[in-house]
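Because the structure is a prediction, the values reported are computed rather than measured.
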Amino acid sequence: MPKIHLTRCQHLSPFADILDNLGAPTASLLEKYLLPASLEEKADHYVPILPAIEFAEFASRSQGIEDFGFHAAKSLNFGHLSEKTRYLISHSPTLLVALHQACRLASLEDSNLSNWVERHGDHVRYCSKLSGTAGLQHLEHSQWLQNVFPIYIVRQFAGPDWAPATIAFEARYTPGPACRSFWPTSQFLSGQEASWIDVPVSLLGLPNRLDQAPSHPKSDLVEHSNFDFIHALKLMLPSYIDERPPALAEVAEMAGVSARSLQRKLSRAGMTYSRLLDTVRFENARRLLRDTDSKIIEIAFASGYADPAHFARAFRRVAGLTPGQFREQCRPR
């Protein structure tokens, strides 16, 4: 069965924000591509990446937005990387170590993303490539983000004004004048084997410039490039449960399979789709109770429960504790 490739909602939000600022029908555009209409406070949740790229291209054409990926990337910075990636890069003693950490944790940003470093004379190339996208058009929307994040990583060591001599795209894409004027010292290449930026070898030994590194992440996130189909669903569904969870047929469409094939896959895992949704709601609520100070009523609605009483009954049935008792138990003593 094909994999559902995922990307963090953090990467979709800037596209939606640009559309909102233009007065475009953002919610209906997202819904057209089976994406959640509400992205607030979902930075670390996941959505399917292929519909997200199709959404970006359709919105770009329908709203007349040139270089949509470039404009979205401008609103991102180092702080928008996943919590674990920021933590490990901020604790890296040199830029070379930081780039290797970013390569190792690439799948926390996009589950089908591979990053690697290649030596080319007096430069290295920080390369990126999305698997499962062969032949897909308009990947430049995603590749802008793939190239901008390593630029922000280098700036943690080389300073806030550093820019690469070359920004290369796997897509056949020519940036417009506004984009070129924003990166006046960088040349652009297209149609490459992978997307990449170049970094002088002389910078690789630079020490970290951060005076105060972030604390250890609250949750122990793990790389998930090899997660199976059920794990992918569990990562994706929290983005939807506070709204209208996608129907089984819609999830099948995201995966590129028939509804019957999806049902068989779930059955072989000893699960039904409704039971999977119940599991996702419970796990999302448990995480919010443990890791946030949100009110219990807010957690109930964010996890897709109809009302706090329904939430309390469902949570106690699984955990053997009320939500309040569970939260009290999680607090350090």
Side-chain angles (χ1 to χ4, degrees), residues 3-14 39-49 52 73 75-117 126-131 142 145-157 197 199 204 206-228 230-239 280 283-294 302 330 332:
K3 289 184 177 180
I4 302 179
H5 299 305
L6 304 174
T7 187
R8 288 174 64 226
C9 285
Q10 181 70 81
H11 304 157
L12 185 60
S13 292
L39 296 170
E40 297 86 356
E41 300 180 1
K42 294 182 180 178
D44 291 318
H45 289 182
Y46 290 87
V47 291
I49 190 171
S75 68
L76 296 173
N77 56 53
F78 178 75
H80 291 119
L81 286 163
S82 66
E83 191 178 17
K84 184 173 182 180
T85 302
R86 294 198 313 272
Y87 173 80
L88 291 177
I89 289 173
S90 299
H91 284 80
S92 296
T94 65
L95 174 57
L96 179 61
V97 173
L99 292 178
H100 283 302
Q101 291 283 30
C103 290
R104 185 172 70 83
L105 298 176
S107 66
L108 290 181
E109 304 301 327
D110 298 319
S111 66
N112 58 333
L113 179 64
S114 296
N115 287 348
W116 66 96
V117 176
Y126 184 92
C127 305
S128 62
K129 194 177 184 71
L130 292 174
S131 65
S142 174
L145 276 61
Q146 292 166 223
N147 281 333
V148 159
F149 276 127
I151 292 174
Y152 295 148
I153 291 171
V154 177
R155 287 177 174 177
Q156 300 302 304
F157 296 80
I197 64 164
V199 181
L204 298 180
L206 287 176
N208 213 315
R209 295 164 58 93
L210 281 179
D211 295 328
Q212 183 175 4
S215 58
H216 195 281
K218 289 182 180 178
S219 57
D220 294 323
L221 296 172
V222 296
E223 298 90 319
H224 48 73
S225 57
N226 294 318
F227 269 14
D228 64 20
I230 303 299
H231 280 96
L233 289 178
K234 286 184 175 181
L235 280 170
M236 181 187 76
L237 287 171
S239 297
V280 168
E283 291 179 353
N284 189 72
R286 182 176 60 180
R287 178 185 62 81
L288 292 174
L289 287 167
R290 184 188 63 223
D291 297 340
T292 75
D293 295 322
S294 299
C330 291

Asks: Can you tell me how far NZ of Lys42 sits from SG of Cys9, rounded to the nearest 0.5 angstrom?
Replies: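 If I round to the nearest 0.5 Å, the distance is 6.5 Å.
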Asks: Could you walk me through whether Ile153 and Leu81 satisfy the side chain to side chain contact (heavy atoms under 4.5 Å, CB included) test, starting with their C-alpha distance in whole Å, then the side-chain angles of each, then the deciding distance to 0.1 Å, before giving a yes or no?
Replies: CA-CA 10 Å; Ile153 291 171; Leu81 286 163; 4.0 Å; yes
Asks: Can you list the residues that meet the side chain to side chain contact (heavy atoms under 4.5 Å, CB included) rule with Leu206, with sequence neighbours excluded?
Replies: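 Partners of Leu206 under the side chain to side chain contact (heavy atoms under 4.5 Å, CB included) test: Phe157, Ala158, Leu203.
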Asks: Looking at NE2 of His231 and CG of Leu6, how far apart are the two atoms once the value is rounded to the nearest 0.5 Å?
Replies: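 So the gap between those two atoms works out to 12.5 Å.
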Asks: When you compare the side chains of Gln156 and Ser90, does any donor N or O come within less than 3.5 Å of an acceptor on the partner?
Replies: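 Judged by distance alone, the side chains do not pair up.
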Asks: I need the minimum non-hydrogen distance between Arg86 and Gly79, along with the two atoms involved.
Replies: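 Reported closest heavy-atom pair: NH1-O, 3.1 Å.
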Asks: Mark yes or no for whether Ser111, through its side chain, and His5, through its backbone, hold a donor-acceptor pair below 3.5 Å.
Replies: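 Checked: no pair found.
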Asks: Ignoring hydrogens and geometry, is there a side-chain-to-backbone donor-acceptor pair from Asn115 to Leu105 under 3.5 Å?
Replies: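 A pair under 3.5 Å: no.
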Asks: I'd like to know if the side chain of Arg155 reaches the main chain of Phe78, judged simply by a donor and an acceptor atom lying under 3.5 Å from each other, with no hydrogens or angles considered.
Replies: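 Here the side-chain-to-backbone pair does not exist.
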Asks: Measure the CG-CG distance between Leu130 and Asp110 for me, rounded to the nearest 0.5 Å.
Replies: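 Reported value, rounded in 0.5 Å steps: 5.5 Å.
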Asks: Using the rule given for side chain to side chain contact (heavy atoms under 4.5 Å, CB included), can you reason through Leu204 versus Thr94, listing the C-alpha separation, both sets of side-chain angles and the distance that settles it, and then say yes or no?
Replies: CA-CA 7 Å; Leu204 298 180; Thr94 65; over 6 Å; no
Asks: Minimum heavy-atom separation for Pro48 and Met236, please, with both atom names.
Replies: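 So the two residues come closest at CD-SD, 3.6 Å.
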Asks: Locate the shortest heavy-atom distance separating Val97 from Pro93; write the atom from each residue and the value.
Replies: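 Nearest pair, atom of Val97 first, then Pro93: CG1-CD, 3.9 Å.
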Asks: Could you check whether any side-chain heavy atom of Arg8 comes within less than 4.5 Å of a side-chain heavy atom of Asp44, counting everything from C-beta outward?
Replies: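 Counting from C-beta outward, Arg8 and Asp44 do come under 4.5 Å.
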Asks: Which residues pass the salt bridge (Lys or Arg N to Asp or Glu O under 4.0 Å) test with Lys129, not counting sequence neighbours?
Replies: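 Scan of Lys129 (salt bridge (Lys or Arg N to Asp or Glu O under 4.0 Å), adjacent residues dropped) gives Glu170.
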Asks: Can you check side chain to side chain contact (heavy atoms under 4.5 Å, CB included) on Val117 and Cys103, steps first, answer last?
Replies: CA-CA 8 Å; Val117 176; Cys103 290; 4.0 Å; yes
Asks: Could you tell me which residues satisfy ring-ring contact (aromatic ring centres under 6.0 Å, His included) with His11, sequence neighbours excluded, listed by chain and number?
Replies: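 For His11 the ring-ring contact (aromatic ring centres under 6.0 Å, His included) partners, ignoring immediate neighbours, are Phe149.
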Asks: With side chains defined as the heavy atoms from C-beta onward, is the minimum distance between Leu145 and Glu109 less than 4.5 Å?
Replies: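 Heavy-atom side-chain distance check fails, nothing below 4.5 Å.
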Asks: What distance do Ile230 atom CD1 and Ile4 atom CD1 have between them, rounded to the nearest 0.5 Å?
Replies: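 Ile230 atom CD1 to Ile4 atom CD1 measures 9.0 Å (nearest 0.5 Å).
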Asks: Is a side-chain donor or acceptor of Tyr46 paired with a backbone partner of Leu108 at a separation under 3.5 angstrom?
Replies: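 Judged by distance alone, yes, a pair lies under 3.5 Å.
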Asks: For His91 and Asn208, which heavy atoms make the closest approach, and how far apart are they?
Replies: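 Minimum heavy-atom contact is N-ND2, 4.3 Å.
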Asks: Working note: Thr85 + Gln101, criterion side chain to side chain contact (heavy atoms under 4.5 Å, CB included); need CA distance, chi angles, decisive distance, verdict.
Replies: CA-CA 7 Å; Thr85 302; Gln101 291 283 30; over 6 Å; no
Asks: To the nearest 0.5 Å, what is the distance between NE2 on His45 and CG on Asn284?
Replies: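 Separation between the atoms: 5.0 Å.
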Asks: Please round to the nearest 0.5 Å and tell me the distance separating atom OH of Tyr126 and atom NE2 of His100.
Replies: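 Reported value, rounded in 0.5 Å steps: 10.0 Å.
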